Amino acid sequence: MKKIKIDSVDKLNQCYQDLSQQKIWSFDTETTIEGTTELGEVSKLKDEGEKDYQKRRQQLLKSDLRLHPKKAQLYSIAFYFPDTLYYMEIDPLFPLEYLQKIFSLPSIKLTHRATFDINVLENFGVKVHNPVWCTKVMACLHNENDVNGSDKYGLKMLTEKYLGQRDDVLDMKLKDISEYSSEEGFEYCGGDAIATFLLAKFFYKYLKQENLLKIFISESNIILLLAEIERTGLRIDKEFLEKKLRELNNIIRQELDVMIFAEAKKDFNINSPQQLAEVLYKKLSLPITEKTDKGKPSTNVKALNQLKDKHPIISLILQRRKLEKLRNTYLEPYSEKEYKGRIHPSLNAWGTRTGRFSSSNPNLHQLPARDEDSKIPKQAIIPDKKGQVFIKADYSQIEYRILAHLSEDQRLIREYNNNPNADFHQLVADTLGISRYEAKTVNFATVYGQSPKALGESLGKTEAEAVKFQARYFSKYPRIKALRDRTIRELKRNKEVISFFGRKRRLPDIDSKKWGLREHTERQAFNFIIQSPATGDLIKLVMNKLDKHIKKCYSGKARLAWQIHDEIVIICDQNVSPQLTKDTQSIMENVIKLKVPLKIDIKIE
């Protein structure tokens, strides 16, 4: 294999000429945090002792700082195609246009951390053009069940697992790339580029064989958009955020804690399950309603809710937990992740089994319950500048429209076509002669794969009564029952199910000897064929179309800013918001053709 270090403009031009002859090539970037404010502050520790300096420096290197879309600095880059590896350390004297020419090529550009690498290059002044393929997304489609744990789709792990290679280069001691020798950097960065190419070759063969290429191309079409959303980020009202944090801390410490201690007639650690259980069940003699897996009295939310009428301390503890979660899960992460007045959360194409996005750094998908307090995290996020507004559009009961389409239930199809704004829960309530609440609960159990036991608890009925309730539901909607039965037959035959977009979910536990696990797997399968298109692939298709339309018709005046579950958030100039609202509604409601109409709820804020 030819290994060429780019140390002159001529060699950089040679690299461009070689890559222009390729249909596909891989690249990898390495970044440094040298020069950032954080590392500069740590360097001051040298005066206080080498041990403290090295300890804090390693903590910094292990943090997500060098993965931050605005803080990581491009240090080196490698390009690979069969039998040829190029490597260059960034030299500010090299003309930028050569790198731009490389990333403007029409060839497929392979990388493992696509949005990160794109943003590093963009921050350096190089705009990456499509097509871009990400081996991390390929890996997710290859094994959609490996979603838990950040290392499941790491390059090192994938290389060992699928290529059978344990590359010593990938095991190099953790340190900043600038601390490697030039030869070590060549091996490290180049090794990643080679591994990326070989993994893509392996995964492509699988995706083609399993008819998953269409899904993969759909995922690839929005990679540049996801990178842009992350790079641009969301503006934070710092003054509002700091004020709310102070208010929450005061309410928790100076009000709720004081009242809880007064009711308990002692001070204790409220966050300690053991100490709280001792207060509730021994000192206050409250009845034990739930136990932990180890047989100890439980203090979880379910247990406390059953005690609300037994003692005033319970409501205080529940209120404290709600406010503590609001502070710890939303407001503090916003504050910690804020950088120059913005947060830069990621929308990840991996992390869920249905194809729905996951969110991280911080996680904006984990919204609190819909009450007055839940508005606080949303209020902390504001438009990019004065004179701008949010357009928020989300699909109306999309899961149930997908259910009507897939089941081909003529009653539901007729109702939706006669009234596109029909309320699915009310339709079921009228048909079964039950309350809307009961209908919504049964619908939820059907679509989300809730067990009869859980359904019974939600309805205030026994498990046996819930089974009868669901049987009555299916007797009135036999096409939904037929769809469920058909899905389970397919699952038992193939050990997998496929959504109508073509996404797959493998569920080998259908062969388990444990009856409960098999039942759970059946519910997972039915949930997948509805949830996957509803909150996964449909949303990605819409985002791609909306983004193209906004860039074509509203360039500089609007941008697609965020996505959460089945809602899309746009930031735009106020004067274009009325027309863009109409355009958004038209695109979202006509993106695909179903047997029932799609409807969205849309508002300007």
Side-chain angles (χ1 to χ4, degrees), residues 236-338 362-380 437 441 444 450-451 453-463 465-466:
I236 290 292
D237 186 336
K238 289 181 66 176
E239 187 177 333
F240 172 84
L241 190 60
E242 290 168 359
K243 177 186 174 186
K244 288 299 177 183
L245 276 170
R246 285 195 302 270
E247 289 177 0
L248 281 178
N249 284 329
N250 287 337
I251 292 171
I252 291 170
R253 294 172 184 169
Q254 297 178 19
E255 295 180 23
L256 291 173
D257 284 3
V258 171
M259 289 189 284
I260 289 170
F261 295 152
E263 292 291 345
K265 294 182 174 56
K266 65 175 289 188
D267 290 2
F268 65 100
N269 182 356
I270 304 170
N271 290 324
S272 165
Q274 183 177 351
Q275 291 186 36
L276 180 58
E278 186 175 329
V279 167
L280 297 182
Y281 303 121
K282 290 185 179 180
K283 186 171 180 58
L284 300 179
S285 302
L286 294 176
I288 297 171
T289 58
E290 299 282 334
K291 289 191 175 183
T292 66
D293 292 338
K294 295 182 178 180
K296 295 182 179 180
S298 175
T299 58
N300 63 20
V301 173
K302 184 179 177 182
L304 295 184
N305 275 325
Q306 296 177 66
L307 297 173
K308 273 200 291 190
D309 298 331
K310 304 292 184 182
H311 198 285
I313 197 174
I314 302 298
S315 295
L316 295 172
I317 292 169
L318 289 171
Q319 177 65 5
R320 186 187 191 278
R321 284 187 179 180
K322 187 179 80 166
L323 295 184
E324 205 170 36
K325 181 178 180 181
L326 182 65
R327 181 190 65 187
N328 298 344
T329 307
Y330 306 102
L331 302 189
E332 283 186 346
Y334 285 13
S335 182
E336 291 166 1
K337 300 290 183 181
E338 178 270 328
N363 181 0
L364 298 192
H365 281 185
Q366 198 176 358
L367 289 176
R370 294 187 178 183
D371 56 18
E372 208 53 38
D373 291 327
S374 72
K375 297 177 182 178
I376 296 174
K378 297 175 184 177
Q379 290 170 341
Y437 169 77
T441 304
F444 183 91
Q450 200 174 41
S451 69
K453 181 180 179 181
L455 173 60
E457 290 174 353
S458 299
L459 290 171
K461 299 179 183 294
T462 65
E463 184 174 348
E465 287 173 327

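Bear in mind that the values here come from a model prediction, so they are computed numbers and not experimental data. Counting begins at 1 with the first residue of the sequence.
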Task: Glu324-Asn328 side chain donor-acceptor pair, cut-off 3.5 Å - done: no
Open item on the list: Could you go through Phe444 and Leu455, starting from their C-alpha distance and side-chain angles, then the distance that decides it, and tell me whether this counts as side chain to side chain contact (heavy atoms under 4.5 Å, CB included)?
Closed with: CA-CA 9 Å; Phe444 183 91; Leu455 173 60; over 6 Å; no
Task: Separation of His311 NE2 from Leu284 CG (nearest 0.5 Å) - done: 4.5 Å
Open item on the list: With heavy-atom distances below 4.5 Å as the criterion, would you say the side chains of Arg320 and Ile252 are in contact?
Closed with: yes
TODO: Kindly give the heavy-atom pair with the smallest separation between Pro297 and Ile288, and that separation in Å.
DONE: CG-CD1, 3.7 Å
Open item on the list: Quick check: closest heavy atoms across Leu276 and Phe268, and the distance to 0.1 Å?
Closed with: CD1-CE1, 3.9 Å
TODO: Would you name the heavy atoms of Lys283 and Ala264 that are closest together and state the gap between them?
DONE: CE-O, 2.6 Å
Open item on the list: Within this structure, what is the NZ-CD1 distance for the pair Lys243 and Ile376, rounded to the nearest 0.5 Å?
Closed with: 10.5 Å
Task: Asn269 atom CG: more than 12 heavy-atom contacts under 6.0 Å - done: yes
TODO: Evaluate whether atom CD of Glu336 has more than 12 neighbouring non-hydrogen atoms of other residues, nucleotides or ligands under 6.0 angstrom away.
DONE: yes
TODO: Decide yes or no on side chain to side chain contact (heavy atoms under 4.5 Å, CB included) for Leu256 and Ile270, but give the supporting numbers first.
DONE: CA-CA 11 Å; Leu256 291 173; Ile270 304 170; over 6 Å; no
TODO: For residues Phe261 and Leu316, determine if any side-chain heavy atom of one lies less than 4.5 Å from a side-chain heavy atom of the other.
DONE: no
Open item on the list: To the nearest 0.5 Å, what is the distance between CD on Glu332 and CG on Leu248?
Closed with: 9.0 Å
Task: Point-to-point distance, once rounded to the nearest 0.5 Å, from OG of Ser451 to CD of Glu457 - done: 7.5 Å
Open item on the list: If you compare all heavy atoms of Asn300 against all heavy atoms of Arg321, which two are closest, and at what distance to 0.1 Å?
Closed with: C-NH1, 3.8 Å
Task: Gln274 atom CD: more than 12 heavy-atom contacts under 6.0 Å - done: no
Open item on the list: Are Ile314 and Leu280 packed together at the side-chain level, in the sense that at least one heavy-atom pair is separated by less than 4.5 angstrom?
Closed with: yes
Open item on the list: Working note: Asn249 + Arg327, criterion side chain to side chain contact (heavy atoms under 4.5 Å, CB included); need CA distance, chi angles, decisive distance, verdict.
Closed with: CA-CA 8 Å; Asn249 284 329; Arg327 181 190 65 187; 2.8 Å; yes
Task: Any donor-acceptor N/O pair, Ser458 side chain to Ala454 backbone, under 3.5 Å - done: yes
TODO: For atom NZ of Lys461, decide whether the heavy atoms of other residues, nucleotides or ligands shown that lie under 6.0 angstrom number more than 12.
DONE: yes
Open item on the list: Return the CG to CG distance between Leu245 and Asn250, rounded to the nearest 0.5 Å.
Closed with: 11.0 Å
- [ ] Quick one: closest heavy-atom pair of Lys291 and Gly295, and the distance?
- [x] CD-O, 3.5 Å
Task: Shortest non-hydrogen contact between Lys302 and Glu290, atoms and distance - done: CE-OE2, 3.4 Å
- [ ] For Tyr281 and Ser298, indicate whether the former's side chain and the latter's backbone hold a donor-acceptor pair under 3.5 Å.
- [x] yes
Open item on the list: Quick check against the 3.5 Å criterion: does Gln275 have a side-chain atom that pairs as donor or acceptor with the backbone of Asn271?
Closed with: no
Task: Interatomic distance, Ile260 atom CD1 to Lys266 atom NZ [nearest 0.5 angstrom] - done: 14.0 Å
